[in-house]
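I have placed the structure first, in the form of structure tokens, so that the comments after it can refer back to it.
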Amino acid sequence: MTSNVRIGYQNLLELGTVVASSEDAGFPVQNAYDWLTSDYFKPAASGTITLTLTLGAAKSADYFAFYGHDLYAHGGTIKLQYWNGSAYVDCFAAITPTDGAPRLVTFTAQTSTLFRVVITCTSVFAIAVISFGSALSLERGMYLNWTPPPFGRTTRLINSQSEGGAFLGRSIIAKGVKSSLEVRAASDTWMRSNWPAFVAHAEQKPFFFLPDNVGQPLECVFCWADQDIPAPAHVYYGYMGVTIPIRGLVE
């Protein structure tokens with residue numbers, strides 16, 4: 001059983017050697033896969049730039065995700081390719097972002113020792129996070145009383161008033177979104193096969209969360225655990241559940 005939920009946390013870029021065809025020394029390619037939004041990869045020139053990954057052993061990928069870029073401001077495109085033994089082949093059609101929202105796309109799984117990210121842009125661009133590998137698919141989707149990330153806006157409002165109490169304006173400080181990752185009625189087999197590796201990642205790093213890959217493919221959130229990750233518990237015989245509070249960014 002597989003739902004439409006996809007979690008992108010495995011990043012093959014962390015498992016091999018990555019070489020950029022062009023690189024600004026002040027913004028090295030490693031910045032693209034350190035999971036931080038506070039640093040960026042930048043090429044030294046515009047045009048078509050490739051980030052080529054060489055793996056010691058063949059690995060499979062069926063998702064690609066990215067966030068923290070300005071490609072949309074310059075008409076840039078981005079895609080992933082794999083080496084099929086004689087040529088590089090597109091995993092999916094090139095994406096032309098229209099905004100800075102996080103994106104996660106899925107595709108038919110491809111296995112190779114060579115992958116490359118191809119970015120074409122008429123200006124020098126910056127990008128903070130790129131990730132691809134095997135997506136984690138939940139057995140079931142989100143449950144009732146769950147808040148979709150785009151609706152979980154967290155803001156701080158600062159009102160200005162005159163001495164007489166008149167309303168003079170308001171400042172809004174955006175602080176991303178709050179939601180939760182709901183895992184309900186997951187089989188013991190699924191939990192034992194998938195949960196330990198995911199938790200080991202989520203305890204240290206952010207991840208991409210796409211709650212509905214089919215119905216709402218653009219509602220991806222770049223997120224992280226908001227507090228200690230609770231331990232799963234049996235909710236039925238042979239099935240487990242857990243709720244992870246998350247904070248994240250959707251734009």
Using the test salt bridge (charged side-chain N to carboxylate O under 4.0 Å, His left out), find all partners of [X] that sit at least two apart in sequence or belong to another chain.
| X | value |
| --- | --- |
| Arg116 | none |
| Lys42 | none |
| Glu219 | none |

Minimum-distance pair of heavy atoms, taken over all atoms of [X] and [Y]:
| X | Y | result |
| --- | --- | --- |
| Ala94 | Thr77 | CB-CB, 4.2 Å |
| Gly100 | Tyr67 | O-CE1, 3.3 Å |
| Ser134 | Tyr63 | C-CD2, 3.8 Å |
| Leu210 | Gln216 | CD1-O, 3.6 Å |
| Phe198 | Ile244 | CE2-CD1, 4.0 Å |
| Gly8 | Trp35 | O-CH2, 3.9 Å |

field: Sole residue of Tyr82, Phe92, Phe107 in ring-ring contact (aromatic ring centres under 6.0 Å, His included) with Phe64
entry: Phe92

task: Check the hydrophobic clustering (I, L, V, M, F, W, Y; side-chain heavy atoms under 4.5 Å; chains of links allowed) and say if Phe222 and Leu13 are grouped together.
output: no

query: Applying ring pair (Phe, Tyr, Trp, His ring centres under 6.0 Å), which residue pairs with at least one partner in residues 110-131 are found, sequence neighbours left out?
result: Phe115-Phe132

task: Consider only side-chain N and O atoms of Arg192 and Ser187, and report whether a donor and an acceptor are under 3.5 Å apart.
output: no

message: Regarding Asp62 and Ser60, do their side chains bring together a donor and an acceptor under 3.5 Å, going by distance alone?
response: no

field: Side-chain heavy atoms of Ser131 within contact of Tyr33, under 4.5 Å
entry: no

query: Residues two or more places apart in sequence or in another chain: which of them pass side-chain contact (heavy atoms from CB on, under 4.5 Å) with Val124?
result: Pro43

task: Taking side-chain contact (heavy atoms from CB on, under 4.5 Å) as the test, write out the residues that go with Ala58, two or more places apart.
output: Thr111, Thr113

- line: In short, side-chain hydrogen bond (donor to acceptor under 3.5 Å, both in side chains) pairs touching residues 202-215 with sequence neighbours left out are Asn4-Asp212, Glu14-Lys205, Thr106-Asn213

field: CD1 on Ile95 to CD1 on Ile119, rounded to 0.5 Å
entry: 11.0 Å

message: Is it the case that atom OH in Tyr239 sees more than 12 heavy atoms from other parts of the structure closer than 6.0 Å?
response: no

task: Assess whether atom CZ of Phe151 is packed by more than 12 heavy atoms of other residues, nucleotides or ligands within 6.0 Å.
output: no

Sequence neighbours excluded, which residues qualify as side-chain hydrogen bond (donor to acceptor under 3.5 Å, both in side chains) partners of [X]?
| X | answer |
| --- | --- |
| Asp39 | none |
| Thr120 | Thr48 |
| His234 | Asp188 |

Members sharing Leu114's hydrophobic cluster (side chains within less than 4.5 Å): Trp83, Tyr88

field: Check: Val5 main-chain N/O paired with Ser3 side-chain donor or acceptor under 3.5 Å
entry: yes

- request: Not counting sequence neighbours, list each pair that qualifies as a salt bridge (Lys or Arg N to Asp or Glu O under 4.0 Å) and has a residue in residues 225-243.
  value: Asp226-Arg247

query: Between Phe27 and Tyr40, is the gap from one ring center to the other below 6.0 Å?
result: no

